[in-house]
Amino acid sequence: MDFPALKAHLSAIQTEAETKLQDIADTKALNEWRVLYLGKKSEMTGLSKQMGQLEASEKPQFGQSLNQVRQALEAKWNDKREALAAAEQSARLMAETIDVTLPGRRANFGAMHPISKVIREIEDVFLGMGFLIADGPEVETDKYNFEMLNLPKDHPARDMQDTFYITEELLMRTHTSPMQVRTMERLAPQVPVKVLVPGRVYRRDEDDATHSHAFTQIEGLVVGEGIRMSDLKGTLEQFARALFGEHQQVRLRPSFFPFTEPSAEVDLICVQCQGEGCRVCKQTGWIEILGSGMVHPRVLDMAGYDSSRYTGFAFGMGAERVAMLKYGIPDIRQFYQNDLRLLSQFATI
Ligand code: 2U9
């Protein structure tokens, strides 16, 4: 090729390169463009190799033209690169835009289970009266679950029909009382003993609306010098008023438990009809909520408290029963089904 032909070729390359550059819309295509028009194997590099064919006087001129075109294309490439980078950045910013005026999405908070709620509330009442709270094993020994509570070997409560046995000696506790025994043993001969024991207990019962083979008991025990039945009544009255309202009264009815003597069932004024008489209280105006009594002297002696010097009272209740009465829940099984429609009603926020 002679000088004019080479110059024409160079100009054609420049025109083509500039036209193609206009249509480029992304970085990848821009890089390919650079390789094609400015790279080692580009037509322009090919042209510079043909410079040898020119006259000596033409060479510098053509060399200058080559440089000008190369610089011009480099400059355009650079402008395009900056323009593309700016466009890509603003596209990214648009895509990441957050509308800070949108209302927040409410998090799905859990709620405390009604049984836990009742336990906490009752714990608070007794903590306020100076009780300590204790918990202990659900798998117990025959000794602590029965023997130490004056339930001798032939007692019907020990029957296979009523108790989940693991071995002859080990069983699922049928009440939380073993923990009161353990607390007495730990503290003896120190007085007073004032302890509240909430916890899960197990009985071989048929499940129905008011019974469960596993439920939650809350038991209390006070031991000291001069502890009397009136202390029992006053303490339980305090509890009843804190949970069910200042108007509450407690009524004691004679009963029997092997570990207390005398024993009493404790009634409250019906929470449904306030004593008028309704279906809940079977028209009596009262509902049973606790069992209680003065600790049997044999139980005190076995646990290390001289029964000729010390006396005590004890009581027990089912947390489920308290929750059923307090929240108007008609069936104990609802506590264990974990239906969110029930549970969410106990949310505090
Ligand atoms: C010791 C001494 C005495 C705890 C007591 C009851 C009466 C009672 C039941 C109520 C409903 C259990 O949940 S329930 O089925 N409890 O009636 N419990 S006196 O007496 C004790 C405990 C421990 C050392």
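Since this is a predicted model, take the numbers as computed values, not measurements. Just follow the structure's listing: the first ligand is 1, and inside any ligand the first atom is 1. Start at 1 with the first residue, then count along the sequence.
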### side-chain contact (heavy atoms from CB on, under 4.5 Å) partners for E261, two or more places apart
H296
### Task
For N150 and R298, test the side chains for any donor-to-acceptor distance below 3.5 angstrom and give the result as yes or no.
yes
### Message
Quick check on side-chain hydrogen bond (donor to acceptor under 3.5 Å, both in side chains): which of R182, Q180, E185 does Y144 satisfy it with?
### Response
E185
When the side chains of residues 230-239 are checked against the rest of the protein, which donor-acceptor pairs come out under 3.5 Å, sequence neighbours left out?
residue: D231; atom: OD2; partner: R228; partner atom: N; Å: 2.7
residue: T235; atom: OG1; partner: D231; partner atom: O; Å: 2.6

Please give the N or O to N or O pairs under 3.5 Å between ligand 1 and the protein, distances rounded to 0.1 Å.
residue: ligand 1; atom: 13 (O); partner: Q217; partner atom: NE2; Å: 3.2
residue: ligand 1; atom: 18 (N); partner: E219; partner atom: OE2; Å: 3.3

### Query
How would you list all residue pairs meeting salt bridge (charged side-chain N to carboxylate O under 4.0 Å, His left out) that involve residues 60-88, not counting sequence neighbours?
E18-K76, R34-E74
### Summary
Rounded to the nearest 0.5 Å, the CZ atom of F315 sits from the CG atom of L290 at a distance of 7.0 Å
